[in-house]
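Here the structure comes first, spelled out in structure tokens, and everything after it is commentary.
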Amino acid sequence: MFPETDAILERLNPAQRSAVTTVDGPVLVLAGPGSGKTRVITHRIAYLLSHCHVPAYAVLAVTFTNKAAREMLERVRVLVPSQSSQLTIGTFHAICARILRRDGSAIGISPTFTIADEDDQVAVVKRVLKDLDWDEKRNPPRAFLSRISAAKSILVGPREFSASADNFADEQTAIVYSRYQDALAAADLLDFDDLLMSTVRLFTENSSVLQKYRERYSHILVDEFQDTNVAQYAIVRLLGTGHNNPCVVGDEDQSVYSWRHADIRNILNFERDFPGTQVIVLEQNYRSTRTILQAARKMIAPNRQRKEKSLFTENEVGERIVVFEAYDENEEASYVASQIERLVAAQTCRLRDIAVMYRTNSQSRVFEKTFLRHRLPHKVVGMRFYERKEVRDVLAYLRLCYNPNDVTSLDRIVNVPPRQIGAKTLSDLHVWAARLGVSVSEAIQYLAAERETAVPCPIGTRARTALTEFARIIEIIRRASREMVVARLIDKVLEVTGYGDFLKDGTEEGQGRWDNVRELITVAEEFSHYEPEASLAAFLEDAALAADADEYDASTDAVTLITLHAAKGLEFDVVFITGLEEGICPHSRSIDDERQVEEERRLLYVGMTRARRRLFLTYAARRSQFGEAGARQPSRFFKDLSRDLVQGTARAIQGHGGDWAHQERRAVSAAFLPRADGWSSRFESAVDAAPAGDQTVVRFKTGDRVVHPRFGEGTVISVEQRGGDQEVTVAFRDQPIKRLLASLANLQIVS
DNA sequence: AAAGCGTTTATTTTT
DNA sequence: TAAACGCTTT
């Protein structure tokens with residue numbers, strides 16, 4: 001039908017080509033690492049536009065990060081220059097935010113809502129707890145938030161949550177959840193999960209809005225489908241059943257976000273929910289050497305939660321994988337630095353082709369320190385720019401200006417820089433506003449205008465003067481926001497609030513903070529082509545939804561320091577995966593749960609498959625954490641590295657039976673036996689693998705059948721040490737799940 | 001209200 | 001380690 005020279009279809013292998021050209025009916029693409037997945041997606045979009053007469057506005061492409069979205073747009077633009085500007089490409093969160101701004105008013109959402117980040121969420125919960133007079137220490141805000149987030153991700157709202165709460169903890173959460181939601185609504189705030197859940201609600205409660213988007217988007221594409229959660233999948237289903245043309249691309253072996261409630265089952269359900277789905281498997285790897293691919297395949301093979309794939313490559317065999325044991329984290333960093341110097345000196349590669357990867361962000365520090373000493377140019381991805389205090393302060397001014405109801409932002413900056421408004425004043429102000437039934441912003445305005453109110457104002461003269469001055473400043477900024485673009489608005493904020501001078505206190509730290517604010521202005525400049533108000537709105541949205549991986553920039557020649565999570569989707573000639581120790585990878589928080597260990601293994605797999613030519617795996621025998629040094633064992637995952645693919649003298653790849661790895665494996669596998677009773681292994685714990693010499697008496701272990709005088713028979717689903725005692729979580733028949741102390745509960749084990 | 005001091009506590013991963 | 005909290009003093 002099309003000529004052989006067709007630019008969009010040439011140089012695609014048969015599987016890729018069929019993934020590009022199968023445009024009628026649902027498609028599920030299972031794409032191994034380095035199999036040309038991005039290529040397939042961009043070419044598919046180009047193919048739709050140029051060959052199928054699909055208008056660009058009818059294409060909706062969902063990516064995992066905003067950066068991926070920008071790149072995808074750029075690549076499509078190269079293929080189909082004229083039509084790409086109307087495409088909708090973005091993350092679920094960004095797309096949902098856009099939909100809600102446009103149509104959210106149908107379900108009572110203000111078009112100028114602001115997006116609450118984690119700090120805001122904590123602040124809101126803290127206020128809720130204060131109102132309830134609950135002790136923050138006993139009820140950690142983050143614990144509530146994690147339960148609330150889990151509920152939202154599976155589309156359980158406060159009412160349903162409350163209705164199904166059948167234990168004390170859930171009942172408490174239900175109360176907090178409901179109040180938290182009210183507080184967000186009062187402040188015109190949506191948290192990340194709300195963006196998704198509210199979109200689903202909008203679509204299900206308002207069929208004309210759903211119809212509108214269904215008709216518009218005839219072709220939906222979703223990348224990284226293995227990392228979608230239930231709410232995201234619901235959106236795909238709601239929109240996709242319209243034209244019945246969704247195309248999703250994923251790889252369950254690269255699923256590393258279950259902690260963010262991603263659900264691999266979405267891949268399985270897709271075929272069920274979209275009958276007639278055509279499944280296309282991309283198995284040829286174009287990225288890595290044969291050695292690296294082979295090692296990665298062996299590494300992922302032990303996972304039980306996966307479909308067997310036959311990945312292959314026609315690339316050269318390449319060099320062996322290097323395994324290095326360092327004495328401690330400093331030596332590990334020095335080793336990596338010297339290897340990089342060697343590689344660059346030998347002109348094997350440039351700095352920008354090299355990445356150093358680690359499990360946790362805190363591991364980056366020692367690399368930064370060492371690279372600085374070696375004068376090795378480097379760039380840390382994920383420095384959490386938008387989480388820095390000074391950046392958030394400036395953003396809070398802008399947010400308050402855009403959304404006067406955003407009380408979280410108001411609380412944040414009402415006294416920054418210090419202007420004589422303390423905790424007491426603020427608290428009185430909240431109470432007064434609530435009594436009057438107005439927002440805190442409005443209450444301040446009443447006060448500044450000396451307006452008569454039904455409830456007398458409890459605030460003293462001094463604080464009153466301070467608040468009036470604050471109101472005046474905000475008003476100046478708000479006026480300015482109608483006249484100048486956001487970058488100039490930030491200048492204005494720094495000037496009228498005195499925040500600029502407040503930061504420049506002469507210290508080195510102050511200088512660093514000031515530099516960050518300047519950097520923020522540089523970012524804001526990108527929004528200068530908008531009209532003033534639109535410029536502010538667009539900048540705030542971008543700032544709220546920006547991801548760490550978004551800042552990754554290959555243009556400067558520097559080594560990339562990056563977490564394994566953030567490295568997903570990237571590739572480098574040379575990859576160092578560091579800190580491969582028990583407790584780090586797999587992480588100590590994952591170690592006693594089989595499923596979580598599988599995810600840690602996938603994380604390592606993702607890291608290994610980022611490498612094109614050379615792969616280094618390192619660990620330290622000793623490592624300091626919290627300033628305390630301690631001995632470390634090499635990661636259990638070294639057991640699954642084929643000896644013939646590696647080189648090095650590290651202990652982890654030497655010796656046989658009786659070494660550390662075997663002991664580790666024996667101890668751990670006892671806790672990992674498959675369960676016959678159907679209880680999710682996710683709740684299993686490896687307490688029975690605790691080191692000997694520990695004085696605790698192990699009485700119960702996961703999986704024990706037990707009987708209780710009142711609750712009857714049950715199964716132990718997890719065990720936690722509590723000093724010399726155990727806290728046992730038991731699922732009883734016909735009872736909600738109970739947590740019991742072994743010494744008090746009179747539990748008997750039944751054989 | 002703010003600043004200064006000592007104690008504590010946590011670090012998984014992020015849209 | 002270093003941020004964050006809580007207590008005391010100014």
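Both backbone and side-chain heavy atoms feed into the values below; hydrogens, waters and symmetry mates do not. Keep in mind that what you see is a predicted model, and the values were worked out from it rather than measured. Chain identifiers are assigned alphabetically (A, B, ...) following the order of the sequence lines, protein sequences preceding nucleic acid strands; residue numbering begins at 1 within each chain.
To the nearest angstrom, C1' of dT15(B) lies 8 Å from CD of Q232(A). Rounded to a whole Å, the CG atom of N66(A) is 8 Å from the C1' atom of dT15(B). Taking atom OH of residue Y386(A) and atom C1' of nucleotide dT15(B), one finds them 14 Å apart after rounding to whole Å. Per the geometry, CG belonging to D223(A) stands 15 Å off C1' belonging to dT15(B), to the nearest Å. Look at CG on D428(A): it is 14 Å from C1' on dA1(B), rounded to the nearest Å. Note: CZ (R462(A)) to C1' (dA1(B)) measures 7 Å, nearest angstrom. The NZ-P distance, from K568(A) to dT15(B), rounds to 11 Å in whole Å. Put simply, CG on L190(A) is 14 Å from C1' on dT15(B), counting in whole angstrom units.
Formation of a donor-acceptor pair under 3.5 Å by the N266(A) side chain with backbone atoms of Y233(A) is not found in this model.
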Item to complete: Between protein and nucleotides 6-13 of chain B, map the contacts as a letter string: B base, S sugar-phosphate only, - none, heavy atoms under 4.0 Å, written 5' to 3'.
Response: ----BBBB

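Across all strands shown, S588(A) has no heavy atoms under 4.0 Å from either base or sugar-phosphate atoms. Across all strands, A423(A) comes closer than 4.0 Å only to sugar-phosphate atoms, never to a base (heavy-atom distances). Contacts of D193(A) with the nucleic acid, taken as non-hydrogen atoms under 4.0 Å apart, are absent. Nucleic acid contact for K152(A): none, since no nucleic acid atom lies under 4.0 Å from a heavy atom of the residue.
Taking every nucleotide of DNA chain C with any atom under 4.0 Å from a non-hydrogen atom of chain A, the first and last of them, 5' to 3', are dT1(C) to dC5(C).
Residues Y180(A) and D191(A) bring a donor and an acceptor atom of their side chains to less than 3.5 Å of each other. Looking only at atom types and distance, the side chain of D194(A) has a donor-acceptor partner in the side chain of Q181(A) under 3.5 Å away. Side-chain contact annotation: E224(A) with Q226(A), donor-acceptor N/O pair under 3.5 Å present.
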For residues 131-141 of chain A, dump all side-chain donor-acceptor pairs below 3.5 Å to protein atoms at least two apart in sequence or in another chain.
{"from": "D135(A)", "atom 1": "OD1", "to": "K137(A)", "atom 2": "N", "distance (Å)": "3.1"}
{"from": "N139(A)", "atom 1": "ND2", "to": "D135(A)", "atom 2": "O", "distance (Å)": "2.9"}

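When each of Q121(A) and I421(A) is assigned the nucleotide of DNA chain B bearing its nearest heavy atom, the one mapping closer to the 5' terminus is I421(A).
For R589(A), there are no salt bridge (charged side-chain N to carboxylate O under 4.0 Å, His left out) partners at least two apart in sequence or on another chain. By the side chain to side chain donor-acceptor pair (under 3.5 Å) test, D251(A) is found to be paired with Q254(A), K309(A), residues two or more places apart in sequence or in another chain being considered. Take Q420(A) and apply the side chain to side chain contact (heavy atoms under 4.5 Å, CB included) test, not counting sequence neighbours, and it matches A466(A).
Atom P of dT11(B) sits at a distance of 16 Å from the matching atom of dG6(C), rounded to the whole Å. With C1' as the reference atom, dC5(C) and dT12(B) are 23 Å apart, rounded to whole Å.
At least one side-chain heavy atom of H565(A) sits less than 4.5 Å from a side-chain heavy atom of R359(A).
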Practice prompt. Would you please test E599(A) and S258(A) for side-chain hydrogen bond (donor to acceptor under 3.5 Å, both in side chains) and show each step?
Written response: CA-CA 8 Å; E599(A) 181 146 318; S258(A) 73; 2.8 Å; yes

